[in-house]
Novice: 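Dropping the structure in here first, questions after.
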Amino acid sequence: MNRVPMTVEGAEALQTELNELKKVKRPQVVAAIAEAREHGDLKENAEYHAAREQQGFIEGRIQEIEAKLSNSQIVDVTKINNNGKVIFGSTVILINMDDNNADEVQYKIVGDDEADIKKNKLSINSPIARGLIGKEEGDIANIQTPKGSVEYEIAEVLYI
């Protein structure tokens, strides 16, 4: 079975969500189902059906998280010697060479489930990340985007 790379932060976030679901949400929905059952006829009991639906969602999410964690390979880049090469989990500071202002942008390369462009976290499978992996500080990366080709200079690679 293929292992899916995941950062330490991503694994911790999933573990936190899993604990919340198992220790807080699951008991709450079980209590809600028990309370709704006391109201009588289950066929026309909207509270009961809503609680059962919520229970199904929670149980499905628990299974999904457990599967992701069991199939993950957790990569801690802080324990890897920084040789200036872009790897999974590294943080990359880029300079857009096509921009007259030469603006810098910082991205962290993470797993698919952790990706969040608003937090500057790029999926390892994104076009930008694929174009950066294996490159080193000072290299120029030509990235194919929907708007065309963009040139980035890799200003710095951090293993944080």
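If you're wondering where the values come from, they're calculated on a predicted model, not measured in any experiment.
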Novice: In the structure I gave you, are the side-chain heavy atoms of Lys25 and Arg61 within less than 4.5 Å of one another anywhere?
Specialist: no
Novice: What distance do Gln28 atom CD and Ile58 atom CD1 have between them, rounded to the nearest 0.5 Å?
Specialist: 7.5 Å
Novice: Measure from the side-chain N and O atoms of Asn45 to the backbone N and O of Arg37, and report whether any donor-acceptor pair falls under 3.5 Å.
Specialist: no
Novice: Are any of the side-chain heavy atoms of Val110 and Asp116 separated by less than 4.5 Å?
Specialist: no
Novice: Would you check if the side chain of Arg26 reaches a backbone N or O of Leu21 as a donor-acceptor pair within less than 3.5 Å?
Specialist: no
Novice: Nearest 0.5 Å, please: how far is CD in Glu64 from CG in Leu18?
Specialist: 11.0 Å
Novice: Is any side-chain heavy atom of Thr7 closer than 4.5 Å to one of Lys121?
Specialist: no
Novice: For a quick test of reading the model, state the closest non-hydrogen atom pair linking Ile128 to Leu122 and the distance between them.
Specialist: CG2-CD1, 3.6 Å
Novice: Would you call Gln106 and Thr91 a side-chain contact if the rule is heavy atoms closer than 4.5 Å?
Specialist: yes
Novice: Tell me whether Lys68 at atom NZ has more than 12 heavy atoms from other residues, nucleotides or ligands lying less than 6.0 Å away.
Specialist: yes
Novice: Tell me whether the count of non-hydrogen atoms from other residues, nucleotides or ligands lying under 6.0 Å of CD in Glu53 goes above 12.
Specialist: no
Novice: Is there a path from Val29 to Tyr48 through hydrophobic residues (I, L, V, M, F, W, Y) whose side chains come within less than 4.5 Å of each other?
Specialist: no
Novice: Quick one: does Asn142's side chain have a donor or acceptor within less than 3.5 Å of a partner on Ser149's backbone?
Specialist: no
Novice: Within the structure provided, determine whether Arg52 and Ile33 are in side-chain contact (heavy-atom separation under 4.5 Å).
Specialist: yes
Novice: Is there a path from Ile124 to Met6 through hydrophobic residues (I, L, V, M, F, W, Y) whose side chains come within less than 4.5 Å of each other?
Specialist: no
Novice: Treating Lys119 as the side-chain partner and Glu114 as the backbone partner, does any N or O pair qualify as donor plus acceptor under 3.5 Å?
Specialist: no
Novice: Out of Thr78, Asp76, Asn83, Asn81, which residue meets the side chain to side chain contact (heavy atoms under 4.5 Å, CB included) rule with Tyr159?
Specialist: Asn83
Novice: As a test of understanding, state which of Ile93, Val92, Ile143 forms a side chain to side chain contact (heavy atoms under 4.5 Å, CB included) with Tyr152.
Specialist: Ile143
Novice: Taking the side chain from Ser72 and the backbone from Ile74, do they hold a donor-acceptor pair closer than 3.5 Å?
Specialist: no
Novice: Applying a strict under-4.5 Å side-chain criterion to I, L, V, M, F, W and Y, I'd like to know whether Ile65 and Val8 cluster together.
Specialist: no
Novice: Do any N or O atoms from the side chain of Glu153 and from the backbone of Ile95 form a donor-acceptor pair under 3.5 angstrom?
Specialist: no
Novice: Quick one: does Asn96's side chain get under 4.5 Å of Val105's, heavy atoms only?
Specialist: no
Novice: Give the minimum heavy-atom separation between Ala141 and Leu132, together with the two atoms involved.
Specialist: CB-CD2, 3.8 Å
Novice: What's the separation between atom CD in Gln15 and atom CD in Glu17, rounded to the nearest 0.5 Å?
Specialist: 10.5 Å
Novice: Where the side chain of Ser70 meets the backbone of Glu66, is there a donor-acceptor pair that is under 3.5 Å apart?
Specialist: yes
Novice: Would you give the length of the straight line joining atom CD1 of Ile133 to atom CD1 of Ile109, rounded to the nearest 0.5 angstrom?
Specialist: 4.0 Å
Novice: What distance do Arg130 atom CZ and Ser123 atom OG have between them, rounded to the nearest 0.5 Å?
Specialist: 8.5 Å
Novice: Nearest 0.5 Å, please: how far is CG in Leu94 from CG in Asp103?
Specialist: 12.0 Å
Novice: Under a single-linkage definition using a 4.5 Å side-chain heavy-atom cutoff for Ile, Leu, Val, Met, Phe, Trp and Tyr, are Val77 and Val4 assigned to the same hydrophobic cluster?
Specialist: no
Novice: Among the clusters formed by ILVMFWY side chains lying less than 4.5 Å apart, do Ile87 and Leu158 turn up in the same one?
Specialist: no
